[in-house]
Amino acid sequence: MKESRKEFLKKSAYLMAGASTLPLISCSTPTKPNKKEIGVQLWSIREFMDQNFEKAIASIAEIGFNYVEGYGLNYEGIFPGLVTANQYERTVAQNGMRIASCHASYFQADEASRRIEIAHRLGVEWVVIAWLSEEQRSGYYKIAENLNAIGEQFKKAGIGFGYHNHDFEFDLTEEGEVPQEILMDNTDPEYVSFQADLYWFKKAGVDPLEYIKKYPGRFCSYHIKDANKDLDQTTIGTGIIDFESILAENKKAGIQYVFVEDERLNTPLENTKDGFNYLKGIEFNTF
């Protein structure tokens, strides 16, 4: 992803916070009926979020999104625009949506409890590791072990836990292994799920349908963003990714949520609206 996001995630790992808890939903059991709902990863409108948080959330609601995915879950519980977790949840709810999921930077299992506290304040169903820095991209078996330990704690707290891919997880290790497969083969499905970013699958030259076939039920959600023929991001529905074929396999994959994401900084609200309208026009369910 872009350098600004890398830095944001690195910095967020060092913040601190406090805590009250609310009962949440088990990550292992979908609690909503099978239906078509559409969410948005708020990183898509990050500059707008920084400028005017409440207006940004209202604008997303006006488009018609049912839920959002936040970013920057950290120790302190302060989000874009110096918004607390409680304010964040309240603003989203007042606009008729919910925070289904939130991204966090990579952390160790002994740091999980504080993030669980903040996740409860947000009222989220899922927390997803969003990024591994270059220094962290080794020892994937150890990473899988850590993800299991984190996921076990999150399950006990009633929150789902997942890992979000980029393209580097498909670069072979020195031993000739695929990092994404190391993580999926060595994590317990009861504790760890995966958020498939369909753009990064395409960028890596990987067919997500093959992974759905190989790892049924292991995917909690998708990031829906499109690629042009040069594998740069483009308006959702105008590129080369066959979303309809992928979304038709949602039940097999285990998909509970789909999030529109468009990282381009030009006309962010228009970009997310285009993605929303595209998804509204095709058939799929979440489970």
Side-chain angles (χ1 to χ4, degrees), residues 1 9 25-30 39 41 43 67 69-71 73 100-107 109 112 115 119 124-132 136-137 139-155 159-171 173 177-225 241 243 246-261 284 286-287:
M1 292 193 173
L9 290 166
I25 299 157
S26 168
C27 63
S28 59
T29 306
Q41 165 51 254
W43 182 254
Y67 49 82
E69 182 174 56
Y71 60 91
L73 187 149
S101 178
C102 192
H103 275 186
S105 54
Y106 186 66
F107 58 92
R115 286 178 171 80
V124 299
E125 295 176 34
W126 289 90
V127 169
V128 177
I129 295 293
W131 175 260
L132 292 176
Q136 294 166 334
R137 296 174 202 173
Y140 281 97
Y141 287 95
K142 281 285 189 183
I143 291 171
E145 181 181 345
N146 185 49
L147 295 180
N148 278 326
I150 294 170
E152 184 174 6
Q153 293 181 63
F154 271 79
K155 182 173 176 63
I159 307 171
F161 177 69
Y163 179 91
H164 169 280
N165 70 276
H166 292 77
D167 55 348
F168 61 79
E169 286 91 350
F170 300 99
D171 294 337
T173 66
E177 297 177 283
V178 179
Q180 182 75 16
E181 295 185 6
I182 294 174
L183 297 179
M184 299 191 79
D185 288 338
N186 293 278
T187 50
D188 189 333
E190 185 176 356
Y191 300 139
V192 182
S193 190
F194 290 83
Q195 181 178 76
D197 188 304
L198 300 177
Y199 168 78
W200 290 114
F201 265 79
K202 176 62 73 172
K203 184 84 168 178
V206 176
D207 183 356
L209 290 172
E210 291 299 315
Y211 272 74
I212 292 168
K213 181 179 179 180
K214 185 173 182 178
Y215 299 101
R218 292 303 307 275
F219 298 97
C220 57
S221 57
Y222 286 142
H223 272 192
I224 304 292
K225 58 178 182 266
I241 298 180
F243 294 112
I246 297 166
L247 293 172
E249 299 296 333
N250 277 0
K251 186 173 184 178
K252 184 173 184 179
I255 296 300
Q256 295 185 25
Y257 293 103
V258 294
F259 299 101
V260 166
E261 184 181 41
F284 68 89
T286 51
F287 295 88

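Reckoned from all heavy atoms, side chains included, excluding hydrogens, waters and symmetry mates.
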Does the ring centre of F284 sit less than 6.0 Å away from the ring centre of Y222? no
State, without any angle test, whether Q180 and Y215 hold a side-chain donor-acceptor pair at a distance under 3.5 Å. no
Ring geometry between F107 and F154 (parallel below 30°, tilted from 30 to 60°, perpendicular above 60°): tilted
Short question: side chain of N148, backbone of N186 - any donor-acceptor pair under 3.5 Å? yes
Hey, what do you get for OH (Y140) to CG (L147), rounding to the nearest 0.5 Å? 11.0 Å
Measure the shortest side-chain to side-chain distance between V192 and F161 over non-hydrogen atoms and say whether it is less than 4.5 angstrom. yes
Output the distance between atom NZ (K155) and atom OH (Y191), rounded to the nearest 0.5 Å. 7.5 Å
Verify the ring-centre separation between Y211 and F201: is it less than 6.0 angstrom? yes
Can a donor-acceptor pair be found between the side chains of E125 and Y257 at a distance below 3.5 Å? yes
Got a second to check how far I246's CD1 is from I212's CD1, nearest 0.5 Å? 6.5 Å
How are the rings of H166 and W200 set relative to one another: parallel (under 30°), tilted (30 to 60°) or perpendicular (over 60°)? tilted
Less than 4.5 Å apart, side chain to side chain, heavy atoms only: is that true for Q256 and T286? no
So does N165 get a backbone contact from the side chain of D197, meaning a donor-acceptor N/O pair under 3.5 Å? no
NE2 on H164 to OG on S193, rounded to 0.5 Å: 13.0 Å
May I ask you to decide if A109's main-chain N or O and Q153's side chain share a donor-acceptor pair within less than 3.5 Å? yes
